[in-house]
Novice: 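Below is the structure I would like to discuss, written out as structure tokens.
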Amino acid sequence: MKTTNIMIVGVGGQGSLLASNLLGTLLVEQGLDVKVSEVHGMSQRGGSVVTYVRFGEKVYSPVIDKGEADYIVSFEMLEAARWLPYLKSRGRVILSTQRIDPMPVITGAAAYPDALIEKIKATGALVDAVDALKLAQRAGSVRAANIVLMGRLSTYFNMPLEAWENALKECIPPRYLDLNKEAFKLGRNAHN
Amino acid sequence: MKRLMLGNEAVARGLYEAGCRVVSSYPGTPSTEITEYAAKYADIYCEWAPNEKVAMEVSFGASLAGKRSFCAMKHVGLNVAADPLFTLSYTGINAGMVIGVADDPGMHSSQNEQDSRHYAIGAKVPMLEPSDSKEALEFTKIAFDLSEEYDTPVLLRMCTRISHSQSIVTLSEKTNSETKPFYKNIRKYVMVPGNARLRRPIVEERTARLIEYAETSPLNRMEMGNAFLGIIAAGTAYQYAKEVFGKEASYLKLGMVNPLPEKLIREFAEKVDRLIVIEELDPIIETHCRLLGLSVEGKTLFPMIGEFSQNLISEKLGRETKAGKTLEDEIPVRPPVMCAGCPHRGIFYILSKLKLNVLGDIGCYALGAAVPLNAMHTCICMGSSISSLHGFNIALGRESEKNTVAVIGDSTFLHTGVNSLINIGYNGSNSTVIILDNSITGMTGHQQNPATGYNIKGDPAGKVDLEALCRACGINRVRVVDPYDLEECEAVVREELDADEPSVIIARRPCVLLKHVTHGPPVFVKKEACRSCKICMRLGCPAIHLENGKAAIDETLCAGCEVCISLCPFDAIQADKEGV
Ligand SMILES: Cc1ncc(C[n+]2csc(CCOP(=O)(O)OP(=O)(O)O)c2C)c(N)n1
């Protein structure tokens with residue numbers, strides 16, 4: 001079994017650690033070897049953050065390198081563009097259509113590129129774009145956008161829904177569980 | 001039982017399983033979570049010490065008293081704790097003592113990229129280096145056994161990718177470490193020259209015995225594959241090499257990076273056609289191989305700077321590397337920013353407005369050096385702001401006293417800044433020091449410190465009275481300001497720069513991310529009142545941006561600090577939606 005590589009990218013504070021924990025929990029339950037590499041510290045202050053999730057029979061390196069990612073799950077459009085060089089050819093980008101301006105754009109020193117989704121598609125990447133914020137809001141909180149995207153990601157894996165739900169139960173405090181299950185479902189069933 | 005665990009959590013589990021009883025640490029990325037996880041075990045006493053030197057000495061005291069003990073720090077923390085380390089190597093320990101030190105190749109969150117293996121060599125103490133969480137747990141336990149068997153503190157070297165990566169660990173039961181009796185032993189523990197000279201040869205004998213151990217220890221192992229290429233590696237570099245070559249190379253995987261084996265390396269070298277060392281940072285294993293007279297490649301192939309990766313190793317060894325696609329557009333960088341509502345912002349705005357020289361320090365407030373504030377002009381090491389300010393003012397006198405300040409956070413002040421303030425009080429430079437008291441250690445993720453009044457478990461604890469402390473250091477002028485009140489901040493900074501004696505300004509307001517801090521409702525822009533003067537943009541607040549040239553507030557980000565309201569000359573920013 002070859003190693004599968006998933007990158008979770010976004011802006012510090014968007015909940016990438018919960019997403020990677022969810023994946024880690026799920027994959028270990030499946031009896032796979034797993035490595036999850038996170039970023040703590042400076043980059044959490046609204047900076048660009050990346051988490052690597054790798055699984056297979058035996059995983060050595062904890063990080064994913066350029067041209068290796070099977071999936072990039074991005075919580076923000078510009079971040080998907082930033083990390084695109086890490087995607088394999090014909091890899092898949094699952095992205096939230098949310099836009100968060102970085103400081104150089106806010107101050108006018110740089111421009112937020114337009115039509116990013118089309119441009120990413122034009123590189124040959126498969127793109128699954130969802131309005132994760134809207135779906136999360138429908139589930140009860142914009143903070144669940146990360147779980148909406150996990151729901152989307154789940155459609156590309158051959159794993160029973162039950163396994164995902166068990167992982168959700170393990171990673172999420174009981175009082176937020178229903179909300180997150182709903183967010184997961186909305187993501188899983190979202191139309192492309 | 002198998003579980004996915006962060007490397008740092010695995011070390012904490014190792015502490016538990018080894019029967020470690022006392023942990024004293026100072027936070028520092030990427031080492032912080034070791035102590036946070038350890039604090040979750042009821043059997044382990046854990047504390048945040050004011051700095052790493054204190055932590056290591058507390059840990060020694062506990063070991064002396066007969067309990068297994070531990071302290072954790074980041075690589076630069078070991079600089080601070082180097083003094084006890086070098087002499088603890090002579091005295092040795094009573095119960096096992098392990099020191100966790102986490103390096104940060106690539107400087108994800110550090111001011112330098114030092115290689116802490118130099119400390120193991122310099123202090124002549126053994127150092128173990130795990131390459132994943134499973135080893136982090138196992139090596140922690142082995143480190144305690146080695147510590148007791150060889151009568152030495154043992155260093156456990158982590159790095160960002162091991163500390164902050166999760167991988168699968170196997171849990172075992174806790175072994176009960178008995179309390180060892182403490183015997184007074186003046187010759188062993190009182191390092192006056194006469195006694196230190198007696199201990200000195202013991203250190204060398206111990207090293208010789210440790211080398212013997214390294215030759216056959218299960219920590220160091222050969223993994224023979226294709227003998228065409230022989231790779232010596234430890235830690236994360238081993239994982240990258242395995243990722244690239246799998247069975248197409250042979251490996252000497254070192255789990256003990258000081259002292260290094262000799263026979264084992266020679267034996268490995270003889271079995272392979274081409275010998276290379278893959279190590280991040282400095283060529284320590286490589287130099288050792290050269291001293292053994294082996295022909296070896298290392299830094300001629302691999303960089304001294306930064307982190308490695310599988311692609312880098314492929315590239316340097318002439319293998320095909322992978323590449324992805326890049327967009328033609330320029331992708332704007334997304335640097336970390338001061339949070340909306342951060343209490344540090346107000347002070348930096350005033351320092352920037354007054355065009356002062358600002359000798360800075362390390363913490364979230366280092367972001368005051370970023371655009372648009374640009375209001376911090378040095379950042380060297382913890383505590384250095386205050387001492388450098390003293391030197392600066394001694395050198396220039398009145399010329400600089402009126403336009404130069406130091407800024408330092410509460411945790412950093414109590415770490416080593418207070419010594420520097422004593423120097424100002426004692427040697428009397430007319431310096432103005434600003435303590436940014438956000439009542440938490442922010443940068444490393446909200447650890448309590450001696451000024452917060454709470455301990456690591458969040459229980460009430462002793463609380464340093466900063467005002468009284470500053471006065472006790474000989475500073476008569478101690479002022480407290482609210483950094484959300486720009487007018488007050490400006491007036492007080494001006495007054496204290498004018499004063500003819502040293503002063504401390506404490507800018508006090510808790511970090512806006514603390515759970516108990518309530519946020520005001522978001523503020524609003526009255527579009528017709530906004531004249532596009534962009535003064536509010538000078539705050540560098542992530543919640544403020546321009547829409548068609550006029551100020552706009554991102555409601556989801558705004559913390560309602562209202563600093564921008566006080567700044568707007570046209571009253572275009574308002575606290576409630578009513579008038580808008
Ligand atoms: C010797 C040393 N130990 C630890 C660190 C890690 N570190 C960087 S800043 C900081 C503390 C910052 O806290 P504080 O001074 O209260 O400022 P804040 O981040 O809250 O603004 C720590 C522990 C370091 N850089 N150097």
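Letters A, B, ... mirror the listed sequences (proteins, then strands); counts begin at 1.
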Novice: For B:Leu312, which atoms come within 4.5 Å of any heavy atom of chain A: side chain, backbone, both, or neither?
Specialist: backbone

Novice: Of all the residues in residues 174-185 of chain A, which have a heavy atom that comes within less than 4.5 Å of a heavy atom in chain B?
Specialist: none

Novice: Give a yes-or-no answer on whether the side chains of A:Glu68 and B:Asn311 include a donor-acceptor pair shorter than 3.5 Å.
Specialist: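 Judged by distance alone, the side chains do not pair up.
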
Novice: Can you tell me which portion of A:Asp101 sits under 4.5 Å from chain B's heavy atoms? Options are side chain, backbone, both or neither.
Specialist: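 A:Asp101 touches chain B through backbone heavy atoms alone.
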
Novice: Heavy atoms, side chains only, cut-off 4.5 Å: are A:Ser37 and B:Arg161 in contact?
Specialist: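 A:Ser37 reaches B:Arg161 side chain to side chain.
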
Novice: Would you mind checking which part of A:Leu87 comes under 4.5 Å of any heavy atom in chain B, side chain (CB onward), backbone (N, CA, C, O), both or neither?
Specialist: backbone

Novice: State, yes or no, whether a side-chain contact exists between B:Ile168 and A:Asp33 at a heavy-atom distance under 4.5 Å.
Specialist: yes

Novice: Strictly less than 4.5 Å between heavy atoms, which residues of residues 53-60 of chain A line up against chain B? Please order them by number.
Specialist: A:Arg54, A:Tyr60

Novice: Can you tell which of B:Lys2, B:Glu33, B:Glu307 has the highest number of heavy-atom pairs within less than 4.5 Å of chain A?
Specialist: B:Glu33

Novice: Out of curiosity, B:Ser163 OG to A:Glu38 CD, how far, rounded to the nearest 0.5 Å?
Specialist: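 Here the rounded value is 11.5 Å.
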
Novice: What is the minimum heavy-atom distance between A:Ile106 and B:Met537, and which atoms define it?
Specialist: O-CE, 3.2 Å

Novice: Using distance only, find each side-chain donor-acceptor pair of residues 328-342 of chain B under 3.5 Å and give its atom names and separation, not counting sequence neighbours.
Specialist:
unit_1: B:Asp329; atom_1: OD1; unit_2: A:Lys119; atom_2: NZ; d: 3.2
unit_1: B:Asp329; atom_1: OD2; unit_2: A:Lys119; atom_2: NZ; d: 2.8
unit_1: B:Arg334; atom_1: NE; unit_2: A:Glu79; atom_2: OE2; d: 2.4
unit_1: B:Arg334; atom_1: NH1; unit_2: A:Ile100; atom_2: O; d: 2.9
unit_1: B:Arg334; atom_1: NH2; unit_2: A:Glu76; atom_2: OE1; d: 3.1
unit_1: B:Arg334; atom_1: NH2; unit_2: A:Glu76; atom_2: OE2; d: 3.3
unit_1: B:Arg334; atom_1: NH2; unit_2: A:Glu79; atom_2: OE2; d: 3.2
unit_1: B:Arg334; atom_1: NH2; unit_2: A:Ile100; atom_2: O; d: 3.1

Novice: Between A:Ile120 and B:Lys325, is there a side-chain heavy-atom distance shorter than 4.5 Å?
Specialist: no

Novice: List the steps and the verdict of side-chain contact (heavy atoms from CB on, under 4.5 Å) for B:Val371 and A:Thr107.
Specialist: CA-CA 9 Å; B:Val371 282; A:Thr107 59; 5.7 Å; no

Novice: With a 4.5 angstrom heavy-atom cut-off, which part of B:Asp554 approaches chain A: side chain, backbone, both or neither?
Specialist: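 Neither the backbone nor the side chain of B:Asp554 comes within 4.5 Å of chain A.
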
Novice: Looking at side-chain heavy atoms only, is the closest gap between B:Leu4 and A:Leu27 below 4.5 Å?
Specialist: no

Novice: Please look at A:Val34 and chain B and tell me whether the side chain, the backbone, both or neither of the residue comes under 4.5 angstrom of a heavy atom of that chain.
Specialist: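 It is both, since atoms from each part get that close.
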
Novice: Does A:Arg82 have more than 12 heavy atoms from other residues, nucleotides or ligands lying within 6.0 Å of its CZ?
Specialist: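 Check passes, neighbour count above 12.
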
Novice: Does A:Lys35 reach the side chain of B:Asp132, with side-chain heavy atoms less than 4.5 Å apart?
Specialist: yes

Novice: To the nearest 0.5 Å, what is the distance between OH (B:Tyr240) and CG (A:Asp65)?
Specialist: 9.0 Å

Novice: Which one, B:Gly540, B:Gly7, B:Ser309, B:Ala370, leads in non-hydrogen pairs under 4.5 Å with chain A?
Specialist: B:Ser309

Novice: Which donor-acceptor pairs under 3.5 Å do side chains of residues 159-170 of chain A form with protein atoms, sequence neighbours excluded?
Specialist:
none

Novice: Compare every heavy atom of B:Gln166 with every heavy atom of A:Asn21, then report the nearest pair and how far apart it is.
Specialist: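 Nearest pair, atom of A:Asn21 first, then B:Gln166: OD1-NE2, 2.9 Å.
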
Novice: Quick one: of B:His545, B:Gln310, B:Lys322, who has the most non-hydrogen atom pairs under 4.5 Å with chain A?
Specialist: B:Gln310

Novice: For B:Leu6, which atoms come within 4.5 Å of any heavy atom of chain A: side chain, backbone, both, or neither?
Specialist: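 Just its side chain gets close to chain A.
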
Novice: Could you check whether atom NZ of B:Lys550 has more than 12 heavy atoms from other residues, nucleotides or ligands sitting under 6.0 Å from it?
Specialist: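 Above 12, so yes.
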
Novice: Is it the case that more than 12 heavy atoms not belonging to A:Lys66 sit under 6.0 Å from its NZ atom?
Specialist: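 Result for NZ/A:Lys66: open.
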
Novice: Please determine, among A:Pro113, A:Ala122, A:Ala110, the option with the most heavy-atom pairs under 4.5 Å with chain B.
Specialist: A:Pro113

Novice: Checking heavy atoms, do the side chain of A:Val105, its backbone, both or neither come under 4.5 Å from chain B?
Specialist: side chain

Novice: Is there a donor-acceptor contact under 3.5 Å linking the side chains of A:Ser61 and B:Gln239?
Specialist: no

Novice: Name the region of A:Ala111, side chain, backbone, both or neither, that has any atom closer than 4.5 Å to a heavy atom of chain B.
Specialist: backbone

